[in-house]
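Quantities reported herein were computed from a predicted structural model and do not represent experimental measurements.
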Number of protein chains: 2
Amino acid sequence: MATISDVATKAGVSTATVSRALNGVSSVDPELVARVVNAARTLGYQPNGPARSLRRQETAVLALIISDVENPFFTAIARGVEDVAQAVGYSVVLCNSDEDTGKERRYLDVAIQERVAGVIISPTGTPSNVDVLRDRGTPVVAVDRPLAERSCDCVLVDTRDAARHATGHLIEEGYQRIGCITGPAGVPTADDRLAGYREALRAAGRDADARLVRRAEYRAAGANKATHELYQEHNRPDGLLVANSAMAIGVLEALASIGLRLGSDVGVVAFDDVPWATLLDRPLSVVAQPAYDMGGAAANLLLERIADSDRAPTTTTLNARLIERASSTRL
Amino acid sequence: MATISDVATKAGVSTATVSRALNGVSSVDPELVARVVNAARTLGYQPNGPARSLRRQETAVLALIISDVENPFFTAIARGVEDVAQAVGYSVVLCNSDEDTGKERRYLDVAIQERVAGVIISPTGTPSNVDVLRDRGTPVVAVDRPLAERSCDCVLVDTRDAARHATGHLIEEGYQRIGCITGPAGVPTADDRLAGYREALRAAGRDADARLVRRAEYRAAGANKATHELYQEHNRPDGLLVANSAMAIGVLEALASIGLRLGSDVGVVAFDDVPWATLLDRPLSVVAQPAYDMGGAAANLLLERIADSDRAPTTTTLNARLIERASSTRL
DNA sequence: CTGAAAGCGCTAACAT
DNA sequence: ATGTTAGCGCTTTCAG
């Protein structure tokens with residue numbers, strides 16, 4: 001593969017001039033630039049990335065570590081990140097931590113070893129994993145979930161507020177015993193959505209009945225099981241707040257198999273807008289999070305921090321939007 | 001950030017010994033290994049990836065270039081690739097070409113510049129883009145779509161066969177005027193699915209009616225429009241083969257808005273299994289492709305080729321599975 | 001404005 | 001078994 005010195009020989013100049021010409025340093029004789037560009041093209045020259053990174057002590061790649069590639073919410077974030085990064089010449093490498101602290105740790109190590117310019121992460125488990133980056137001065141932005149230490153840029157949505165709204169909506173629609181199916185304890189979004197749910201009940205002068213709350217992994221299977229449990233008890237809920245779209249699938253399957261109809265028998269609102277929401281017989285009401293914008297905002301924040309590591313940490317909080325459909329309407 | 005020579009100094013050995021110890025060369029005195037490992041740990045040493053890549057003239061990263069990160073089919077492939085790669089110590093960088101030849105080209109350039117060990121690609125548009133890799137001897141595996149030149153490892157599914165089966169199933173269920181909504185001309189999967197559809201009709205002694213065929217981008221919006229067009233004509237189809245799951249969403253929305261019921265009014269089979277298929281009032285019949293396995297197979301093929309570039313190119317063809325549900329049953 | 005040369009951090013001969 | 005050293009390809013002083 002052609003190197004910079006092949007190009008230099010072919011163009012009859014030094015490697016320094018080739019480097020300057022190809023990197024757009026203005027002080028190069030236009031005629032030489034033309035010769036260099038020509039030589040590079042005929043040789044099919046492509047710069048050696050590792051050599052450049054080694055010399056410059058920096059790379060033009062960002063790492064994005066998410067907890068589930070198959071969750072549309074996270075892939076939408078990924079698009080947002082990528083579109084912003086691409087526009088300024090950065091590449092993005094997408095890593096899937098799968099809600100596994102060990103995997104997350106390994107990817108962080110890879111990110112450090114490859115000397116990426118910065119990391120955007122939706123942190124899984126303990127914040128100590130991320131400390132590894134901060135110790136080395138690698139810029140980090142947390143997205144979707146805050147880091148325990150507030151000393152880090154974050155892009156969040158006001159998910160507790162959104163949960164409160166959604167629950168309030170179910171109350172207004174006349175549902176009496178509203179339950180909540182949320183993610184594992186310790187996952188901030190799961191806890192916040194539960195907190196918002198409780199606030200709404202309290203604000204309406206109702207007791208939050210702990211027996212109507214279930215936790216499970218953020219996946220269909222766990223939510224399915226949790227729903228079946230909930231409906232084996234005496235006090236069956238007639239309303240349900242579901243904390244993510246994967247869970248919604250498990251919940252809706254369970255309700256169908258029990259023979260309950262959405263809206264009339266049980267009002268349901270789920271987090272995350274999904275393209276199939278409107279295909280259901282009773283279309284699904286959702287809390288739509290601005291995932292694409294979150295990704296874009298996170299990327300911008302990261303780029304700013306890369307440019308200026310002394311900037312004070314910012315937290316950007318975006319709002320979610322409740323979309324009311326038939327699944328949360330009595331008739 | 002600590003370098004190898006910092007570790008060498010701290011452990012009281014040469015950098016060569018540190019390198020050997022940390023890379024598990026067996027001929028190092030166990031006591032020295034221990035000292036090195038200790039020094040490395042206390043210094044928080046992490047090897048410099050670019051330096052290593054430059055020296056070794058190889059990297060332990062694979063690039064995966066797919067045409068749509070938001071399509072569950074491709075994210076499932078990504079998981080398959082990643083699980084195999086991870087197990088043998090490779091990282092995977094995921095790139096989203098978005099069915100855009102220009103973006104694809106840019107990512108291929110990045111892959112070359114970063115000197116990735118190999119590329120798995122679901123090629124968009126002209127095959128000439130990929131030639132760039134083959135000219136440089138970068139190992140490539142095509143997945144989901146073949147490369148025009150057969151001189152390249154491929155992992156495909158027998159999608160024409162699957163389309164024929166699915167169409168045959170609609171015929172057997174008694175649907176009389178079966179239409180097809182497929183992707184853009186030139187995209188091999190789109191063309192193959194159409195070809196399989198036609199074969200099935202011919203085998204049943206029916207004319208393939210060109211007026212029942214529509215093409216659109218592999219997205220919901222285009223399929224929605226195409227469906228509306230189809231149902232404005234005299235000869236409305238009573239059966240539909242839909243070439244991917246994003247399109248299925250557009251089609252189902254259109255049918256609902258026209259007031260047609262799945263199964264009874266119009267039998268529908270769509271490519272790609274989706275988790276929400278069973279949530280519909282009339283659950284959706286699908287052609288389930290083994291996406292995860294495809295990713296795994298592609299990764300294995302690529303690793304083999306990296307190890308032995310002289311191996312003859314292989315084409316692995318996997319089978320899809322028709323899952324019959326209520327959307328393709330009259331009653 | 002251009003060239004010569006040093007050196008980023010690591011690994012792999014080669015020498016001991 | 002360990003150390004010495006050259007050099008991967010590039011960018012960037014420093015001279016001229």
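Axis angle between the ends of the helix from C:dC1-D:dG16 to C:dT16-D:dA1, five pairs each and rounded to 10 degrees, works out to 40°.
The distance from atom CG of B:N48 to atom C1' of D:dC10 is 14 Å, rounded to the nearest whole Å. Distance, B:Q113 CD to D:dC10 P: 10 Å, rounded to whole Å. For B:L54 and D:dC10, the CG to P distance is 9 Å, given to the nearest whole Å. Atom CG of B:L22 and atom P of C:dT11 are 8 Å apart (whole Å). The CD1-P distance, from B:I4 to C:dC8, rounds to 14 Å in whole Å. Taking atom CG of residue A:D29 and atom C1' of nucleotide C:dC1, one finds them 8 Å apart after rounding to whole Å. B:E114 has its CD atom 15 Å from the P atom of D:dG9, to the nearest Å. Rounding to whole angstrom units, CZ of residue B:R35 and C1' of D:dT2 are separated by 12 Å.
Donor-acceptor pairing under 3.5 Å, judged by distance alone, is absent between the side chain of B:R115 and the base of D:dG9.
Contact between the side-chain N/O atoms of A:R55 and the OP1/OP2 oxygens of D:dG9 is not found at any separation under 4.0 Å. For A:Q57, a side-chain nitrogen or oxygen approaches OP1 or OP2 of C:dG9 to under 4.0 Å. Look at A:R56 and you won't find any side-chain N or O under 4.0 angstrom from OP1 or OP2 of C:dC8. Note on B:T17: a side-chain N or O is less than 4.0 Å away from OP1 or OP2 of D:dG3.
Residues B:R52 and B:N23 have side chains in contact (heavy-atom distance under 4.5 Å, counting atoms from C-beta outward).
Side-chain N/O atoms of A:S67 and A:Y218 include no donor and acceptor closer than 3.5 Å. Side-chain polar atoms of B:D109 and A:Q46 form a donor-acceptor pair below 3.5 angstrom.
The side chain of A:A16 has D:dT12 as its nearest neighbour among D:dA1, D:dT12, D:dT4. Listed nucleotides: D:dT12, C:dG9, D:dG3. Nearest to the side chain of B:R20: D:dG3. Of the candidates D:dT11, C:dG9, D:dG3, the closest approach to any side-chain atom of A:T15 belongs to D:dT11. Taking every side-chain heavy atom of A:T3 into account, D:dG9 is the closest of D:dG9, C:dG9, C:dT2. Comparing atom distances between the A:S14 side chain and each of D:dG9, C:dA4, C:dA12 picks out C:dA4 as nearest. Among the nucleotides C:dC10, D:dT2, C:dA4, the one closest to any side-chain atom of B:L32 is D:dT2.
Distance check: B:E304 CD to B:T314 OG1 gives 7.0 Å after rounding to the nearest 0.5 Å.
Using a 4.0 Å cut-off between charged nitrogen and carboxylate oxygen, A:D98 and B:R79 count as a salt-bridge pair. Note on A:R106 versus B:E82: no salt bridge recorded, every NZ/NE/NH1/NH2 to OD/OE distance being 4.0 Å or above.
Taking for each of A:S5 and B:V28 the nucleotide of DNA chain D with the nearest heavy atom, the 5'-most of the two is the partner of B:V28.
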*Going through the checks in order, is the side chain to side chain donor-acceptor pair (under 3.5 Å) test met by A:Y107 and A:N96?*
CA-CA 8 Å; A:Y107 274 121; A:N96 181 217; over 6 Å; no
*Carefully, step by step, assess B:L318 and B:L156 under the rule side chain to side chain contact (heavy atoms under 4.5 Å, CB included).*
CA-CA 6 Å; B:L318 303 178; B:L156 306 173; over 6 Å; no
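In this structure, B:P50 reaches neither bases nor backbone, as no heavy-atom distance under 4.0 Å exists between it and the strands shown.
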